[in-house]
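Chain identifiers are assigned alphabetically (A, B, ...) following the order of the sequence lines, protein sequences preceding nucleic acid strands; residue numbering begins at 1 within each chain.
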Amino acid sequence: GEQVEQRPPHLSVREGDSAFITCTYTDPNSYYFFWYKQEPGASLQLLMKVFSSTEINEGQGFTVLLNKKDKRLSLNLTAAHPGDSAAYFCAAHDSGYNKLTFGKGTVLLVSP
Amino acid sequence: EAGVTQSPRYAVLQEGQAVSFWCDPISGHDTLYWYQQPRDQGPQLLVYFRDEAVIDNSQLPSDRFSAVRPKGTNSTLKIQSAKQGDTATYLCASSLGRGDEQYFGPGTRLTVL
């Protein structure tokens, strides 16, 4: 089945810096990909769904890049602020079984 | 529109006790998922339903865990005889159709002593 590796497990940046998180996956048939944010004690909040290959998708304060050739998904929080401090999870959707496989997460700390 | 709701929010058990978790998905969502999220890890799928039918329960420890969704709306996940290794947050999510975004509830944080 699908396996998703996410790096780094922990990331500490200063306010205004960029924070870059990468996921690699194994199943070339995975079609949809997601980024979720989880604040301490809270549930997962959907940030973005992506499915186009090699395309930059811009959200509010972040950029997502999917490269299907390399089987790589990345999230770049531009100009991070303390409110971005949370755990971030990538997930790959298995088209055959309608299942999400999550990475182990990245705990981001943005200090003032 | 109300999101996914779960209860209880917290549960503390001794080993061997039973516990049930309840989930109410977003209205109209036909697909419902139960995930286990150990501390400092990503969610791991236990079971999912489309309407009232179980589509995949291959990751559900069948000797102690069970899940039902009898009318295709609310769902219950039950642990018959909890073990310390079951300590985790149990998340419910729902979606509309295949490949669609999954929306997560607040979770139930289970501690087994």
For chain A, the option from B/Pro43, B/Gly107, B/Pro106 that forms the most heavy-atom pairs under 4.5 Å: B/Pro43

Same cluster (ILVMFWY, side-chain, under 4.5 Å), A/Tyr88 and A/Leu109: no

Same cluster (ILVMFWY, side-chain, under 4.5 Å), B/Leu46 and B/Tyr48: no

Same cluster (ILVMFWY, side-chain, under 4.5 Å), A/Tyr31 and B/Ile55: yes

Within-4.5 Å side-chain heavy-atom neighbours: A/Leu44 and B/Gln37: yes

Non-hydrogen side-chain atoms of B/Tyr35 and A/Leu100 separated by less than 4.5 Å: yes

Verdict with supporting geometry, B/Gln44 and A/Phe102, side-chain contact (heavy atoms from CB on, under 4.5 Å): CA-CA 7 Å; B/Gln44 297 157 13; A/Phe102 283 83; over 6 Å; no

More than 12 heavy atoms from other groups under 6.0 Å of CD on A/Gln3: no

Heavy-atom neighbours of A/Arg7 CZ exceed 12 at 6.0 Å: no

Shared hydrophobic cluster, B/Tyr33 / B/Phe49 (ILVMFWY, side-chain heavy atoms < 4.5 Å): no

Heavy-atom closest contact (B/Arg9 atom, A/Gly41 atom, distance): NH2-O, 3.9 Å

A/Gln38 versus chain B, the contacting section by heavy-atom distance below 4.5 Å: side chain

Distance-minimising heavy-atom pair for A/Phe89 and B/Gly42: CE2-CA, 3.4 Å

ILVMFWY network linking A/Leu66 to A/Val4, side-chain heavy atoms under 4.5 angstrom: yes

Which of B/Arg109, B/Gln102, B/Gln41 touches chain A most, by non-hydrogen pairs under 4.5 Å: B/Gln102

Interatomic distance, A/His93 atom NE2 to B/Ser95 atom OG [nearest 0.5 angstrom]: 7.5 Å

